[in-house]
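Positions are given from 1 along the sequence. Small disclaimer: the values here were computed from a predicted structure and weren't measured.
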Amino acid sequence: MSSFDSIAEEYDQWFDSPEGRAIFETELRCLRSVSPQFEGRWIEIGVGTGRFAAALGMQEGIDPSAPMIEIAKRRGIHVTPGTAEQIPFPENAFDGILMALTLCFVNDAEKALSECRRVLCPSGRLLLGIIPSDSPWGREYIRKAGEGHLIYSLARFRTMEETLKLVKTSGFELIRTASALFRRPDQKPTAEPDATAGIIPEAGFIGLLFEKRSDHSRKQP
């Protein structure tokens, strides 16, 4: 049983709220800016209700929550029950993996990234969407987590430095970045500018595109 089972409908409905829609569209533009094309076989790990996968044209996902899987299936996503720490696919099965806001929710990030690397083909791509803990949005979500928020209390937010070290040490090379969500959490939803290339400290959402390194070149960052 997943911690998200009891809040699947509430979670999905948030994306249809004015704030949820504005944030989602901003995050989508950021992810597309770092990975304009999704060639070959891609899968979203932690697909949830399928919002990101469907919008980005992905047809596969895995998730541990049965209620969320049912919603994702209604969006046309073929979802396999599973976790990021035990991806139920063989080695070299995918050309790309998307983890949109998933890394902060897994129980064992190192194991999850090791599994991502295992199922990616040589030179496969890993696309991450993250909320840095030291950004205005990260600080706000951490504050809400401390108040018992149903979703944010399940997350472990990391700084950008912590995230980059974690992923690079797991055998990936950073190849492209973009930043988005520049308004503060206390500001009303407005039309956001397009994502900006690079990592901007005050951005609430960062898109990171990595490439799987070959075994012989694997090294500490």
Side-chain angles (χ1 to χ4, degrees), residues 1-33 35 38 42-88 96-107 109 112 116 127-132 135 137-138 140-157 180-181 183 185-192 195 204-207:
M1 181 176 178
S2 168
S3 300
F4 283 89
D5 286 359
S6 62
I7 58 173
E9 291 291 345
E10 179 182 352
Y11 169 88
D12 190 63
Q13 290 169 6
W14 175 83
F15 287 89
D16 293 321
S17 68
E19 180 180 45
R21 188 179 305 112
I23 291 175
F24 177 61
E25 290 175 354
T26 297
E27 293 171 346
L28 272 180
R29 289 197 298 272
C30 185
L31 292 173
R32 288 193 181 109
S33 74
S35 185
F38 298 91
W42 279 73
I43 188 170
E44 182 176 4
I45 306 300
V47 70
T49 59
R51 293 274 185 168
F52 282 98
L56 294 172
M58 296 181 192
Q59 299 180 337
E60 295 184 74
I62 72 167
D63 203 272
S65 171
M68 285 196 163
I69 288 174
E70 289 306 311
I71 297 174
K73 286 181 176 179
R74 296 202 292 267
R75 292 196 165 94
I77 310 300
H78 177 74
V79 187
T80 301
T83 67
E85 293 89 346
Q86 290 184 306
I87 299 176
I97 288 175
L98 168 66
M99 295 181 77
L101 306 171
T102 298
L103 193 61
C104 62
F105 289 106
V106 300
N107 293 323
C116 286
L127 176 60
L128 298 183
I130 70 164
I131 300 167
S135 71
W137 287 87
E140 175 65 7
Y141 291 160
I142 290 171
R143 183 189 67 79
K144 289 184 176 182
E147 297 176 349
H149 191 280
L150 289 176
I151 294 175
Y152 303 132
S153 61
L154 302 173
R156 180 198 167 184
F157 297 102
L181 196 57
R183 68 178 174 87
D186 59 352
Q187 292 179 312
K188 292 183 179 180
T190 57
E192 286 271 345
F205 184 84
I206 308 291

If you look at every heavy atom in [X] and [Y], which pair is closest and at what distance?
X: Gly207; Y: Cys30; result: N-SG, 3.5 Å
X: Leu28; Y: Ala55; result: CD1-CB, 3.6 Å
X: Pro88; Y: Ile62; result: CD-CD1, 4.1 Å
X: Ala53; Y: Val47; result: CB-CG2, 3.8 Å
X: Leu31; Y: Ala100; result: CD1-CB, 4.4 Å
X: Pro64; Y: Thr83; result: CB-CG2, 4.0 Å

In Å and rounded to the nearest 0.5 Å, what is the [atom1] to [atom2] distance from [X] to [Y]?
X: Ser35; Y: Leu56; atom1: OG; atom2: CG; value: 8.5 Å
X: Lys144; Y: Tyr152; atom1: NZ; atom2: OH; value: 5.5 Å
X: Thr80; Y: Ile43; atom1: OG1; atom2: CD1; value: 6.0 Å
X: Trp42; Y: Leu127; atom1: CH2; atom2: CG; value: 5.5 Å
X: Ile131; Y: Ile142; atom1: CD1; atom2: CD1; value: 10.0 Å
X: Gln59; Y: His78; atom1: CD; atom2: NE2; value: 10.5 Å

With side-chain contact (heavy atoms from CB on, under 4.5 Å) as the criterion, how do Met58 and Phe38 come out once you've worked through the C-alpha distance, each side chain's angles and the decisive distance to 0.1 Å? CA-CA 8 Å; Met58 296 181 192; Phe38 298 91; 3.5 Å; yes

Taking the side chain from [X] and the backbone from [Y], do they hold a donor-acceptor pair closer than 3.5 Å?
X: Asp63; Y: Gly48; result: yes
X: Thr102; Y: Ile45; result: yes
X: Ser135; Y: Pro132; result: yes
X: Glu85; Y: Ala112; result: no
X: Arg29; Y: Ala195; result: no

**Message:** Once you measure the plane-to-plane angle for Tyr11 and Phe4, does it fall in the parallel (<30°), tilted (30-60°) or perpendicular (>60°) bin?
**Reply:**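 If you compare the ring of Tyr11 with that of Phe4, the planes turn out perpendicular.
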
Identify whether the distance between the nearest side-chain nitrogen and carboxylate oxygen of [X] and [Y] falls below 4.0 Å.
X: Asp12; Y: Arg51; value: yes
X: Glu140; Y: Arg143; value: yes
X: Glu70; Y: Arg74; value: no

- Message: Please determine whether side-chain contact (heavy atoms from CB on, under 4.5 Å) holds for the pair Ile7 and Ile151, giving the CA-CA distance in whole Å, both sets of side-chain angles, and the decisive distance to 0.1 Å.
- Response: CA-CA 8 Å; Ile7 58 173; Ile151 294 175; 3.6 Å; yes

Practice prompt. Report the C-alpha distance between Ile69 and Lys73 in whole Å, list the side-chain angles of each, state the deciding distance to 0.1 Å, and finish with yes or no for side-chain contact (heavy atoms from CB on, under 4.5 Å).
Written response: CA-CA 6 Å; Ile69 288 174; Lys73 286 181 176 179; 3.6 Å; yes

[X] side chain near [Y] side chain, heavy-atom distance below 4.5 Å:
X: Val79; Y: Glu60; value: no
X: Met99; Y: Cys116; value: yes
X: Trp137; Y: Phe205; value: no
X: Tyr141; Y: His149; value: no
X: Leu101; Y: Ile130; value: no
X: Arg183; Y: Ile23; value: yes

* **side-chain contact (heavy atoms from CB on, under 4.5 Å) assessment of Glu44 paired with Phe52** => CA-CA 8 Å; Glu44 182 176 4; Phe52 282 98; 3.8 Å; yes

